[in-house]
Amino acid sequence: MDKPNLSQYFDAPEIPPASQFFDEIGTSPSDMVQSVYLGDSQGVTASFNQHKTAPEGPPTDILPTVSGSTSIPVTSLPDPSTFFDTIGPEPQIGSIKTNPGSAAMITDAMDGLSIKNQPVDKEADRRRDAWIPNEEAKKTLLKAQSSPKGSFFPEREVLTMPGIVLEEELADALQEVAVKYLGVSSAGSRGVVRAEHVSRDEAGLRELLRTGYLRAAVNLTATLITAAGQGPGRMQRPTKHTPRSLQLWLTRFAVMLRIKLNEPLVKEAEPFGDFSKPDMFYQFYPDIYENRSGSLVPFSLRLLIAELPSHLGKPEDAMDRLYAMLHVIQTMLDNLNNNRTEDGSGAITEDDRTESMRLWSGRRVRVLHSIVNCAIALKDYRLATNIVTKLQQQATTAQQQRALSSALCRLHLLAGNIEAANLHLQHARLTRHHLCPTPDVREYVDVGLIDIAQGKYQEAYNNFARAGDQEPTNIMVANNIAVCLLYMGRLKEAISVLQKAIQSDPERGLNESLLVNLCTLYELESANTGDKKLHLLRMLCKHKSDTVPNVVEALKLT
């Protein structure tokens with residue numbers, strides 16, 4: 001009898017999103033085992049190939065996978081961000097607050113929704129919005145600025161004409177599952193927040209995002225975008241764009257991606273292209289924005305759309321888009337190095353140049369991180385390693401050096417080179433000595449991953465347990481401990497670890513990856529798993545809103 005494939009038990013059949021790599025690395029000593037989604041809701045997956053003979057597995061012959069990420073609260077509303085965002089975050093812009101630990105798209109969208117309340121800083125605005133239009137767009141922009149007021153009538157070909165495609169209102173998915181499996185009376189006790197329960201503005205949208213009612217948030221974005229003249233039926237019709245309307249599109253797209261509404265997302269994103277049309281620039285609207293220049297498009301929206309194909313199993317297409325972005329950013333950095341503004345149009349003061357270099361160097365790193373993720377999805381480990389190595393050579397702090405050494409360790413594990421992974425682990429350990437005298441969670445996880453790759457399950461368990469002692473609520477660590485226990489044939493203990501993780505911190509523990517793994521272990525333990533799964537569903541109804549994309553799949557309900 002053939003050995004069961006891991007994806008039959010733990011994973012979804014599709015290729016893991018290419019924008020997601022370093023937060024979680026699945027490692028299995030099998031000949032060809034794809035990793036699974038193990039970790040917190042911001043964690044991610046990547047394929048791991050280990051070319052060696054598999055040792056004896058647990059009695060069930062199932063090959064689980066170990067993850068390697070840092071746990072964060074589920075309430076932070078994650079999105080397709082990368083491990084690298086914790087290494088080179090985008091610098092703060094003026095007084096606008098950014099999260100130094102994550103460049104999550106939904107977090108960026110929430111911040112941007114309140115940008116109108118920030119103090120005006122013209123130089124910070126210019127810096128943030130800088131972008132170089134292509135030659136065709138430059139011609140149209142020059143015409144718009146030089147034409148007498150009211151005499152500029154652009155051709156349709158130069159216009160971006162988006163519209164809402166997903167017209168039907170989304171229902172609360174968890175509520176529907178609860179009604180089906182628990183009955184109307186039980187499901188009725190669960191409070192459900194809909195778009196009409198909050199104010200019809202950015203404040204209401206922020207509240208839905210904060211509380212995790214993501215489908216209601218999509219519904220509200222449709223209402224707000226319709227009010228901006230870009231709702232259902234408006235695709236291919238001329239419209240005016242504003243920073244606010246594009247911020248709403250960013251919010252909508254980030255949430256749709258999070259809850260896997262991929263088909264309508266692709267259709268709604270298509271009219272924007274690569275945001276190169278002239279109506280994506282302030283100069284296109286001289287009567288409204290006077291002498292202001294630059295792009296109306298939030299950088300996070302530009303990056304999300306560039307990465308989008310990688311979430312749909314087309315990392316090569318995303319790679320092309322990202323390299324195009326990288327070319328523009330490098331041109332702007334070259335202009336800054338020559339003491340010119342980002343677009344090369346004028347001189348710049350030294351202080352402003354320094355701040356612009358900080359911002360755009362950070363954004364350049366973010367794009368490089370996304371390119372590495374695409375390279376991983378394409379199994380181009382040489383390219384990924386070269387980029388990470390160059391980033392390490394450019395790192396300016398011990399923290400960055402250490403994090404990149406850790407990333408290289410995990411990258412070489414993906415490629416099956418345990419010896420190289422060990423070398424980078426040692427480098428990371430030496431750098432860590434300058435920061436902290438004792439090992440931390442990152443180091444224990446790296447060592448544990450190497451142990452797993454070598455089939456040393458007891459040693460791996462010991463290392464993950466040490467990480468758990470330091471961070472008892474770290475869901476990723478709990479997942480790894482459980483997987484090691486399963487490898488050692490201690491199924492009941494593995495189940496107990498995951499159950500404890502949920503009970504001790506339901507907000508963190510009730511996430512998709514842990515639920516999938518726990519329900520899989522239930523099925524390995526017994527054929528009678530219905531009551532246990534329904535208990536998890538009740539806990540979801542009690543503690544969670546609408547953040548698990550597919551509850552039926554997560555709980556493996558039939």
Side-chain angles (χ1 to χ4, degrees), residues 6-7 11 14-39 43-52 54 65-69 80 82-88 307 309-311 313-323 326 365-395 400-428 442 445-454:
L6 177 64
S7 63
D11 206 0
E14 68 269 13
I15 299 173
S19 73
Q20 306 174 338
F21 163 57
F22 278 108
D23 281 347
E24 265 181 56
I25 293 182
T27 60
S28 172
S30 61
D31 290 337
M32 177 73 78
V33 179
Q34 286 210 339
S35 70
V36 299
Y37 191 91
L38 285 172
V44 289
T45 65
S47 297
F48 175 83
N49 301 334
Q50 180 64 43
H51 302 288
K52 58 183 285 188
T65 304
V66 173
S67 56
S69 69
T82 70
F83 165 85
F84 279 125
D85 293 324
T86 63
I87 300 172
E307 291 178 335
S310 67
H311 297 280
K314 299 178 180 179
E316 63 280 0
D317 293 344
M319 186 91 79
D320 291 341
R321 297 184 184 188
L322 290 164
Y323 269 113
L326 186 64
V365 170
R366 286 179 63 181
V367 175
L368 286 172
H369 298 165
S370 296
I371 291 173
V372 169
N373 292 323
C374 290
I376 295 300
L378 293 168
K379 294 182 172 27
D380 190 345
Y381 302 122
R382 186 183 299 276
L383 173 61
T385 301
N386 288 341
I387 293 175
V388 177
T389 300
K390 289 179 181 178
L391 289 172
Q392 188 179 43
Q393 292 168 352
Q394 299 165 5
Q400 291 176 351
Q401 286 277 354
R402 189 274 179 99
L404 286 163
S405 293
S406 172
L408 284 167
C409 168
R410 301 180 186 190
L411 178 56
H412 282 291
L413 278 178
L414 273 178
N417 191 338
I418 297 177
E419 182 179 357
N422 261 313
L423 288 175
H424 288 291
L425 171 64
Q426 295 308 316
H427 187 275
R442 181 194 289 274
V445 168
D446 287 347
V447 176
L449 291 174
I450 292 177
D451 288 335
I452 285 289
Q454 296 175 319

So Asn422 and Gln454, side-chain contact (heavy atoms from CB on, under 4.5 Å) or not? Walk me through it.
CA-CA 11 Å; Asn422 261 313; Gln454 296 175 319; 4.2 Å; yes

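Interatomic distance, Leu414 CG to Leu449 CG, rounded to the nearest 0.5 Å: 9.5 Å. Distance check: Glu419 CD to His424 NE2 gives 11.0 Å after rounding to the nearest 0.5 Å. Expressed to the nearest 0.5 Å, how far CD1 of Ile418 lies from CG of Leu425 amounts to 12.5 Å. Atom-to-atom distance recorded for Glu307:CD and Ile371:CD1 is 10.0 Å, nearest 0.5 angstrom.
In terms of the side chain to side chain contact (heavy atoms under 4.5 Å, CB included) criterion, residue partners of Asn386 (sequence neighbours excluded) are, by chain and number, Arg382. Applying the side-chain hydrogen bond (donor to acceptor under 3.5 Å, both in side chains) rule to Gln392 yields the partners Ser405; only residues at least two apart in sequence or on another chain are considered. Every side chain to side chain contact (heavy atoms under 4.5 Å, CB included) that Gln426 has, sequence neighbours left out, goes to Arg429. For Asp451, the side-chain hydrogen bond (donor to acceptor under 3.5 Å, both in side chains) partners at least two apart in sequence or on another chain are Asn463. Under the rule for a side chain to side chain contact (heavy atoms under 4.5 Å, CB included), the partners of Gln393 that lie at least two apart in sequence or sit in another chain are Thr389, Lys390. Residues satisfying the side chain to side chain contact (heavy atoms under 4.5 Å, CB included) test with Ala375, not counting sequence neighbours, are Met319, Asp380, Leu383, Ala384.
Within the 4.5 Å cutoff, side-chain heavy atoms of Ile450 are placed close to those of Cys409. The side-chain heavy atoms of His427 and Gln401, taken from C-beta on, include a pair separated by under 4.5 Å. Counting heavy atoms from C-beta outward, Leu322 and Cys374 have side chains that approach closer than 4.5 Å. Counting only heavy atoms from C-beta outward, the side chains of His412 and Thr385 approach each other to under 4.5 Å. Looking only at side-chain heavy atoms (C-beta outward), His369 and Leu391 come within less than 4.5 Å of each other. The shortest distance between side-chain heavy atoms of Val445 and Arg410 falls below 4.5 Å.
Among Val372, Ile387, Ile376, the one residue that satisfies the side-chain contact (heavy atoms from CB on, under 4.5 Å) test with Leu411 is Ile376.
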